[in-house]
Amino acid sequence: MLKDKTSEGKFKGDAVIWTVFLFLCLISIIEVFSASSNLSFKSGNFLGPVIKHGALLAVGTVVMICTMNIKCRYFKIVTPFALLLSLLMLIIVLCVGESTNGSQRWLDFLGIQFQPSEIAKGALILATAQILSAMQTPDGADKRAFKYILIVCGCIVPLIMVENLSTAVLLCTVVFLMMFIGKVPKAQLGRLLGVIMLALILVVSMVMAFGHDKERETAGSPKQMMVQQQEKEEDEHVLEKVFHRFDTWKARIDHFLSNDYVPPSEVDILGKDAQTAHANIAIASSNIIGKGPGNSVERDFLSQAFSDFIYAIIVEELGIIGAVIVCMLYIVLLFRTATIANRCANTFPALLIMGFAMLLVVQALFNMSVAVGLVPVTGQPLPLISKGGTSTIINCVYIGIILSVSHSAKKKDKAEPATEPAVAA
C-alpha cells in the first residue's frame with residue numbers, strides 16, 4: 001500500500017493532489033500569458049489578461065483551501081439545496097440568460113457572469129454519489145438506485161443540453177461511469193447504453209434534418225440559395241426557439257465528417273476552417289521540444305487560443321514532451337484519487353471524489369481530442385489551465401473536495417479485507 005502522503009495545518013490533504021494542482025496552475029499562468037496576445041492587443045494592456053487570470057486562480061485556491069477544511073460528511077447536507085438551486089438557475093438562464101456565440105448559457109449577478117451549468121454538474125455528482133452510497137448492499141447497488149439517478153438526471157441534463165450539448169454529454173458520461181463503479185446491475189447499464197445509442201441516433205438525425213450548415217448551403221447557385229432561404233424562413237418561426245443550436249451542431253458534424261481533400265493552399269484559414277487549421281499548424285510545427293514558452297506563432301491567429309484551443313498552444317510551445325506531461329498530470333490526478341477512494345471506509349466519499357476526478361479528466365480528454373482533431377469542436381475548456389471564470393472556481397472546489405476526503409474521511413482498517421463491502425456513509 002502506498003504511504004499516506006498528507007500535509008498538516010491549513011494546507012491539509014494529499015501531497016500528490018496538491019502537487020498536480022500546483023503544476024496545472026503554473027502551466028496555466030504561463031500558457032494563458034502566452035495565448036492571450038489578442039486580448040492584450042484589444043485591451044491595450046500587455047499584462048492585464050494574465051493578471052486577471054492569476055487573480056482568479058488565487059481566489060480559486062482560497063476557495064479550494066476553504067472547501068478542503070470542510071469535513072466530507074457535510075457535503076451530504078448541501079446536496080438537496082444544490083440541486084434545487086441548479087434547477088432554478090437553469091430555468092432562469094433559458095428564459096433571461098445572456099447569449100454568447102449563439103448560446104444562452106450565462107447569468108449576470110451583481111456584475112459577475114457565471115454559467116449555471118457549472119454548478120449543476122457538481123450538484124448532479126453529489127446527488128449520484130449520495131444515492132449510490134445510500135443504496136449499497138453486499139451484492140452491489142440496489143436496483144432502485146438506477147431509477148432515482150435517472151430521475152435526477154432527467155431534471156437536470158435536458159436543461160443543460162438545450163444550450164450546451166457537449167456539457168450534457170460530458171456529465172452523462174461521468175454519471176454512467178459512477179454507476180459502473182457503484183456496482184449498479186450490469187443489465188440495467190446495458191439497457192441504458194442501448195437507449196443512449198438510440199437517443200444519439202435520433203438527435204443526430206434531427207440535427208441533420210432541421211439544422212442548416214450555412215457555409216455549405218451558400219455554396220450553390222443563386223437560384224438554389226434563394227429557394228433554400230425561402231424554405232428556411234418558413235421553418236424558422238416554428239423551430240427557432242427549439243432547434244436554434246442545430247445549425248452550429250450540424251456545421252460541426254459536417255466539417256468533422258468531411259472527407260474532401262483540400263490542398264494546403266486552399267484551406268480557409270480566415271473562415272470556417274480557421275480554428276482547426278491554425279490548431280493543426282500549431283501542432284505540426286511543434287517538433288519534439290516545441291518552440292519554447294511564449295514563442296507561439298499561431299496564438300495570434302487561433303480564436304480562443306487561451307481557452308478551447310489552449311492545448312494546441314501548449315503542444316506548439318512545449319512540444320510533444322510538454323503535451324505528454326500535461327496529459328499525465330490529469331492521469332496522475334485520476335489514479336491518485338482512485339487510491340484515496342480505495343482507502344475510504346464509507347462509499348459516499350469514495351464515489352464523490354471519483355465522480356469529481358472523472359469529471360475533470362474526461363473534460364480534459366474532450367479538450368485535448370478537439371485540439372488534435374479527433375472529435376468535433378465542443379467548446380469545453382481545459383480544466384485548471386484554460387482561461388475562465390466560473391469553471392476555474394468550480395474546478396478548484398472539486399480539488400478541495402478531493403483534498404478534504406483525503407484527510408478527513410474515515411479510513412479502512414489495515415486488517416480489513418479489501419473485498420468487504422464498504423458501509424454506506
TODO: Check the pair S166 / N164 against side-chain contact (heavy atoms from CB on, under 4.5 Å), numbers first and verdict last.
DONE: CA-CA 6 Å; S166 60; N164 199 337; 3.1 Å; yes

Task: Qualifying ring pair (Phe, Tyr, Trp, His ring centres under 6.0 Å) pairs with a residue from residues 354-378, counting only residues at least two apart or across chains - done: F356-Y398

Task: C72 to S408 - nearest heavy-atom pair and separation - done: N-OG, 3.4 Å

- [ ] Indicate whether the side chain of S391 and that of E118 have a donor and an acceptor atom separated by less than 3.5 Å.
- [x] no

Task: Test side-chain contact (heavy atoms from CB on, under 4.5 Å) applied to A364 - qualifying residues, sequence neighbours left out - done: Y330, M368, L382, P383

Open item on the list: Within the 3.5 Å criterion, strictly below it, is a donor on S34 or E317 matched to an acceptor on the partner's side chain?
Closed with: yes

Task: Pairs satisfying side chain to side chain donor-acceptor pair (under 3.5 Å), at least one member in residues 355-376, at least two apart - done: K121-Q363

TODO: Please name the pair of heavy atoms, one in Q115 and one in T390, separated by the smallest distance, quoted to 0.1 Å.
DONE: N-OG1, 3.3 Å

Could you pull out every donor-acceptor pair under 3.5 Å between side chains of residues 286-294 and any protein atom, sequence neighbours left out?
unit_1 : atom_1 : unit_2 : atom_2 : d
S286   : OG     : I283   : O      : 2.7
K291   : NZ     : S285   : OG     : 3.3
K291   : NZ     : E316   : OE2    : 2.9

With a cut-off of 3.5 Å and sequence neighbours excluded, list every side-chain donor-acceptor pair involving residues 168-181.
unit_1 : atom_1 : unit_2 : atom_2 : d
T173   : OG1    : V169   : O      : 2.8

Output side-chain donor-acceptor pairs under 3.5 Å for residues 319-327, partner residues at least two apart or in another chain, one line each.
none

TODO: Could you tell me whether a side-chain N or O of K387 sits under 3.5 Å from a main-chain N or O of F33, the two making a donor and an acceptor?
DONE: no

TODO: Spell out, as yes or no, whether a donor-acceptor pair under 3.5 Å connects the side chain of D14 to the backbone of V16.
DONE: yes

Open item on the list: For M68, is there any backbone N or O sitting under 3.5 Å from a side-chain donor or acceptor partner on H407?
Closed with: yes

- [ ] Decide yes or no for L384 and I399: does some side-chain heavy atom of the first lie under 4.5 Å from some side-chain heavy atom of the second?
- [x] yes

Open item on the list: If we ignore hydrogens and angles and just use 3.5 Å, is the side chain of T61 paired with the main-chain N or O of L57 as donor and acceptor?
Closed with: yes

TODO: Given side-chain hydrogen bond (donor to acceptor under 3.5 Å, both in side chains), test T347 with Q136 step by step and report yes or no.
DONE: CA-CA 8 Å; T347 55; Q136 284 293 312; 5.8 Å; no

- [ ] Would you give the length of the straight line joining atom CG of L56 to atom CD1 of I51, rounded to the nearest 0.5 angstrom?
- [x] 13.5 Å

